[in-house]
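All values below come from the heavy atoms of this structure, side chains included, with hydrogens, waters and symmetry mates left out. Proteins get letters first, then strands, A, B, ... in listed order; numbering begins at 1 in each.
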There are 2 protein chains.
Amino acid sequence: MSLALKNHIEKIVSLTDEEFKYVLSFFTKKKLQKHQFLIASGAPVQTDHFVLKGLLKATYTNDEGKQHILQFAMEDWWVTDYQAYFLQTNATLNIDCLENSEVLCLTLENREKLCRELQKIEHFFRIKTSMGFVAQQQRILSLLNKDAKGRYNQLLEQYPQLLQRVPKTILAAYLGVTRETLSRL
Amino acid sequence: MSLALKNHIEKIVSLTDEEFKYVLSFFTKKKLQKHQFLIASGAPVQTDHFVLKGLLKATYTNDEGKQHILQFAMEDWWVTDYQAYFLQTNATLNIDCLENSEVLCLTLENREKLCRELQKIEHFFRIKTSMGFVAQQQRILSLLNKDAKGRYNQLLEQYPQLLQRVPKTILAAYLGVTRETLSRL
DNA sequence: TTGTAAATGTGATATACATCACAATAAATA
DNA sequence: TATTTATTGTGATGTATATCACATTTACAA
């Protein structure tokens, strides 16, 4: 249900039913299977995505083939290759599904049109992005400050659900350690 | 000169002289000496800051007394303890001056008022924050991906000016290595 | 100028984590 | 169900970086 999006937006601004209907008309729904790619490195990035259902991961693979996870995205989260999306360049990230998923897609053009026409939505995205910015600062501090164990414990505290849904191999790639190290706790 | 702020904003939206005059009326100017604190850990965070002149660092000090640098801020950059600013809680960061500095201060109340009254400004902050978000994702990838040398080289490439203005001891705290390691390149 | 503090370089050693290797389960798929 | 493929644990060893210690240089202040 796209009610999820309405509830999500209304945590920041309230919308009439007509307004929300209008907002929703700018999105398209997409269903993906586990292991399917939402964004493939090298390809243009058309859309940002609000996750209705499922779980995805955004990863960067370096020259030596080592994969690092920039973010997870589950229900009510947004995910895309933001650098490529905002600058309209090709993706450097891969985003794929850890579970069957369902997302609402928003092109940059539609996002900007929506923000122009409904200041409430521009407000929503400004506040949302500010909160995302703060969350990322916390992640940076965590990487600077804490060792593997500390980062693992913090992740458990913040997102205990992830532990149930994601294999440890994958968690390790998010924490920036090898699966062996994580296995030894 | 606060022309710097006008030019800065106009990279994203254009403002008439009257509009800019109005915008500027929401800011207050503050001058600081080298070593002076703009934000002190534990105290409330009243304002966000646009740097007119000088150089500052935002740091987090952990339980063992080790200091990590979350960001530098020089001319045309914005800096505050964003978590504390947006959530109106006490600072967990310290922000102090590496050089004599001059900043324009904007309270959260004024920021929100300005955004409400002038959509252009809400647009400006939305875009600005989105770019900041992207820059931080790059920093996270750099911390996950690169070793000390790689991160150092990237910093040199991105901000060669910093090298002239900041002692290596301090750069090390930004890169997440000890000064000894950085000294050995 | 002289004295004190900050910044830098370098050695010796310790440690967290990576890497490689292999085995044991658990889960997905034919 | 059987067969393959992913996930996890654990040992042995290597390596980047931390830590501690001390000397040298540079900046700042009395």
Practice problem: Please report the shortest heavy-atom distance between A:Gly54 and A:Ser101, naming the atom on each side. | Solution: CA-OG, 3.5 Å
Quiz item: Does A:Thr181 make a side-chain N or O approach to OP1 or OP2 of C:dC17 shorter than 4.0 Å?
Solution: no
Quiz item: Taking the side chain of B:Val177 as its heavy atoms from C-beta onward, which of D:dA18, D:dG9, C:dG9 lies nearest to it?
Solution: D:dA18
Quiz item: Which heavy atom of B:Tyr82 sits nearest a heavy atom of B:Val79, and at what distance?
Solution: OH-N, 3.5 Å
Practice problem: With A:Arg139 as the cation and A:Tyr174 as the aromatic partner, state whether NZ or CZ is under 6.0 Å from the six-membered ring centre and within 45° of the axis. | Solution: yes
Quiz item: When you check the phosphate oxygens OP1 and OP2 of C:dT8, does a side-chain N or O of B:Thr169 lie under 4.0 Å from one of them?
Solution: yes
Quiz item: Could you give the CD1-to-C1' distance, from B:Ile170 to C:dA7, as a whole number of Å?
Solution: 10 Å
Quiz item: Can you find an N or O donor on one side and an acceptor on the other, under 3.5 Å apart, linking the side chain of A:Glu180 with the base of C:dC17?
Solution: no
Self-check item: Qualifying residue for ring pair (Phe, Tyr, Trp, His ring centres under 6.0 Å) with B:Phe50, from B:Trp78, B:Phe27, B:Phe125, B:Phe26
Solution: B:Trp78
Practice problem: Starting at atom NZ of B:Lys146, determine the distance to atom P of D:dT17, rounded to an integer number of angstrom. | Solution: 13 Å
Quiz item: What's the CG-P distance between B:Leu182 and C:dT10, to the nearest Å?
Solution: 13 Å
Practice problem: Grab the NE2-P distance between B:His35 and D:dA27 for me, whole Å please. | Solution: 14 Å
Exercise. Answer yes or no: does a side-chain N or O of B:Thr178 lie under 4.0 Å from OP1 or OP2 of D:dA18?
Key: yes
Quiz item: Can you find a donor-acceptor N/O pair under 3.5 angstrom joining the side chain of B:Arg184 to the base of D:dT19?
Solution: yes
Exercise. Would you indicate what A:Gly150 reaches in the nucleic acid, counting non-hydrogen atoms under 4.0 angstrom: base, sugar-phosphate, or nothing?
Key: nothing
Quiz prompt | Value in whole Å for how far the C1' atom of C:dA7 lies from CG of B:Leu171 | solution = 12 Å
Practice problem: Verify whether one side chain among B:Gln137 and A:Gln83 offers a donor that lies under 3.5 Å from an acceptor in the other. | Solution: no
Quiz item: Hey, does the side chain of B:Lys66 come within less than 4.0 Å of D:dA18's phosphate (OP1/OP2), counting only N and O?
Solution: no
Quiz item: Tell me: CZ of B:Arg179 to C1' of C:dG9, nearest whole Å?
Solution: 8 Å
Quiz item: Rounded to the nearest Å, what distance is computed from the CG atom of residue B:Leu175 to the C1' atom of nucleotide D:dA18?
Solution: 15 Å
Exercise. Would you indicate what B:Lys149 reaches in the nucleic acid, counting non-hydrogen atoms under 4.0 angstrom: base, sugar-phosphate, or nothing?
Key: nothing
Quiz item: So which one's nearest nucleotide on DNA chain D is more toward 5', B:Lys34 or B:Asp147?
Solution: B:Asp147
Quiz item: Rounded to the nearest Å, what distance is computed from the CG atom of residue A:Leu143 to the P atom of nucleotide C:dC17?
Solution: 12 Å
